[in-house]
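The block underneath contains the structure these notes are about, expressed in structure tokens.
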Number of protein chains: 2
Amino acid sequence: MAVLDNSTSPISPARLEAQPLYVKARNIMVDRLISGQWRPGQMLPSEFAIAAELGVSQGTVRKALDDMTAEGLVVRRQGRGTFVAEAEDNSILFRFYRLTPDGHQNSSSRPTFPESKYLSRSEGVATQQERDIFNLQANDRVWRFQRLRSNEDGPILWEQLVLPSRYFGDFSKQTQLPNNVYQFYSTNYGIIVAKVNEQLKAVSAPDDVAEMLHLPKSAPLLEIDRRAIALNDRVVEWRRSLCRSDTMHYRNELK
Amino acid sequence: MAVLDNSTSPISPARLEAQPLYVKARNIMVDRLISGQWRPGQMLPSEFAIAAELGVSQGTVRKALDDMTAEGLVVRRQGRGTFVAEAEDNSILFRFYRLTPDGHQNSSSRPTFPESKYLSRSEGVATQQERDIFNLQANDRVWRFQRLRSNEDGPILWEQLVLPSRYFGDFSKQTQLPNNVYQFYSTNYGIIVAKVNEQLKAVSAPDDVAEMLHLPKSAPLLEIDRRAIALNDRVVEWRRSLCRSDTMHYRNELK
DNA sequence: AAGTGGTCTAGACCACTGC
DNA sequence: CAGTGGTCTAGACCACTTT
């Protein structure tokens with residue numbers, strides 16, 4: 001069955017949004033990721049099978065899948081197949097994690113992924129700022145988690161996570177959030193984080209955070225304000241991290 | 001004339017590095033950028049012309065050029081041609097510039113590119129650290145420039161640039177470095193910056209920098225340690241910036 | 001109209017994986 | 001061995017820019 005058709009029917013009204021077939025094919029496949037029809041870890045049909053279903057050539061499907069690979073949505077393995085990306089895939093753990101101990105210049109030597117100790121959690125009505133960030137209604141509620149993250153050398157950062165109750169439901173039965181929360185969102189709620197926007201600042205450590213990180217009062221900390229954006233372009237997590245900057249740094253490669 | 005040939009000659013020794021044709025084609029074209037045979041702003045031959053010269057199909061050249069487009073090395077304009085990227089191209093000004101005034105959430109509204117005031121400059125023997133960074137010999141020399149950069153609201157950052165004399169020759173006749181130094185490297189020395197590696201930290205402002213930025217002593221500043229890497233994979237510039245963090249932030253989108 | 005890049009197709013062959 | 005993705009080709013047609 002040919003789902004896609006770019007032919008210009010003489011009866012059809014003015015085509016408001018003409019898109020290349022490979023863009024349409026990508027969007028159809030992304031919709032299947034969003035809807036959960038294709039779940040993380042699952043193998044996709046072969047290029048030829050998808051091409052036949054959509055009524056396009058295999059080369060067009062390939063281009064769409066190449067784009068989705070570049071977006072980190074799928075993983076392709078020669079000889080095996082194409083798979084929906086999982087949060088724990090191949091150092092995708094480190095896709096959004098840029099904090100590195102000083103001295104780890106080589107990008108080859110991966111830093112360790114820090115463990116989390118949850119300090120507290122609460123649920124309440126969203127503040128005005130939270131409503132703006134998540135695009136929530138007046139009485140919508142959010143969950144807030146505070147945690148301290150440590151590597152083998154000790155505590156490295158304190159952070160607060162804010163999650164809209166509307167997307168995640170009730171956490172009150174949830175004894176703990178796991179360390180890798182993006183994998184948790186994916187497997188438990190079908191929410192796939194596609195990208196994150198971060199804003200970095202230097203701030204003076206609040207007294208309580210300085211104490212938790214074993215730093216002197218007012219020590220300069222790296223503040224990372226992150227909004228995680230799901231496949232459907234909604235902000236699904238707001239995270240504010242305060243990271244020690246005397247032994248750690250944030251690495252970034254711009255091309 | 002067919003430059004590329006993937007045929008397996010029965011006489012040839014073990015092929016140590018089998019690469020796809022499009023990778024070889026890319027490398028040949030990058031070499032022409034490095035050598036200056038193709039200079040910034042210049043139009044490349046058409047896909048068919050390159051394909052004929054290299055002895056491959058037009059589709060293979062297209063894939064190589066697509067990769068180079070993704071690397072920011074060339075710019076393709078439908079109906080016009082393919083051009084070597086220039087430092088001033090289409091907001092490539094902002095490719096390596098991530099500092100944004102607070103409140104500029106929308107990536108659509110570009111921040112202004114800050115003006116530079118050069119404070120001092122000097123030339124001398126490279127320190128051990130500089131020799132390590134640039135991979136220099138014992139008696140190699142470097143130029144060091146200090147400058148203060150401001151936008152319409154006042155000074156926003158102080159930074160020092162270090163450049164190996166070996167790559168850039170003599171700056172003593174040079175009255176000033178321009179504001180956009182990467183364009184300057186490209187047009188005057190044929191050095192094309194392909195990527196930059198940055199390390200971010202939070203630090204306390206030194207007294208002199210605090211004064212220049214009109215900030216209280218020990219104010220927290222964002223420190224950006226940047227190494228600029230040219231097409232030939234050599235580090236060609238080391239830059240250390242101290243940026244005010246009360247009215248500015250560093251934005252980053254991770255996919 | 002001529003020349004460029006952008007899209008799309010159909011088909012061939014190779015490389016890798018798992019049965 | 002069959003099935004998958006990876007590479008490469010040849011050719012058609014479209015969209016855009018310039019002359």
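Proteins come first, then strands; the chains are lettered A, B, ... in the order of their sequence lines, and each starts at number 1. None of the values given here were measured: they were computed from a predicted structure.
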When rounded to whole Å, the CG to P distance for the pair B:Asp67 and D:dC8 reads 11 Å
Begin with the C-alpha distance, continue with both residues' side-chain angles, and end with the deciding distance and a verdict on salt bridge (Lys or Arg N to Asp or Glu O under 4.0 Å) for B:Lys201 and B:Asp225. CA-CA 8 Å; B:Lys201 274 177 171 288; B:Asp225 181 304; over 6 Å; no
Which nucleotide in the list D:dC8, D:dG6, D:dT9 gets nearest to the side chain of B:Val56? D:dT9
From CG of B:Asp66 over to C1' of C:dC8, roughly how many Å is that when rounded to an integer? 14 Å
If you only use heavy atoms from C-beta on, which nucleotide in D:dT9, D:dG6, C:dG6 is closest to the side chain of B:Leu21? D:dT9
Just by modelled atom types, is the A:Val56 backbone N or O under 3.5 Å from a matching donor or acceptor in the A:Thr60 side chain? no
For A:Leu44 and D:dG3, give me the distance from atom CG to atom C1', rounded to whole Å. 15 Å
Basic-acidic side-chain contact under 4.0 Å: B:Glu198, B:Arg227: no
Would B:Glu159 and B:Arg147 pass as an ion pair if we require N to O under 4.0 Å? yes
Given DNA chain C, 5'-ward residue of the pair B:Gln58 and A:Gln58, judged by closest heavy atom: B:Gln58
DNA chain D: 5'-proximal contact among A:Glu47 and B:Phe48 (nearest heavy atom): A:Glu47
May I ask you to verify if any side-chain N or O of A:Ser57 is less than 4.0 angstrom from the OP1 or OP2 atom of C:dA10? no
Between C:dG5 (P) and B:Lys63 (NZ): distance, integer Å: 18 Å
For B:Asp132, give me all partners under salt bridge (Lys or Arg N to Asp or Glu O under 4.0 Å), at least two apart in sequence or on another chain. none
If I take atom NZ in residue B:Lys24 and atom P in nucleotide D:dT7, what distance separates them, rounded to the nearest angstrom? 13 Å
Within less than 4.0 Å of OP1 or OP2 of C:dT7, is there a side-chain N or O belonging to A:Thr60? no
Round to the nearest Å and state the distance from A:Gln19 atom CD to C:dT7 atom C1'. 14 Å
State whether A:Arg32 and A:Glu53 are salt-bridged, where the test is any N-O pair (Lys NZ or Arg NE/NH1/NH2 against Asp/Glu carboxylate O) under 4.0 Å. yes
Among D:dG6, C:dT7, C:dG6, which nucleotide has an atom closest to any side-chain atom of A:Tyr22? C:dT7
Counting side-chain heavy atoms from C-beta on, which of C:dA10, D:dT4, C:dT7 comes nearest to B:Arg62? C:dT7
So which protein nitrogen or oxygen atoms get under 3.5 Å of nucleotides 17-19 of chain C's nitrogens or oxygens?
residue	atom	partner	partner atom	Å
C:dG18	OP1	A:Arg80	NE	3.4

Think B:Arg76 has a side-chain N or O under 4.0 angstrom from the OP1 or OP2 of C:dT4? no
Listed once per pair and sorted, the side chain to side chain donor-acceptor pair (under 3.5 Å) pairs that draw on residues 38-50 of chain A, sequence neighbours left out: A:Glu47-A:Gln58, A:Glu47-A:Arg62, A:Glu47-A:Arg76
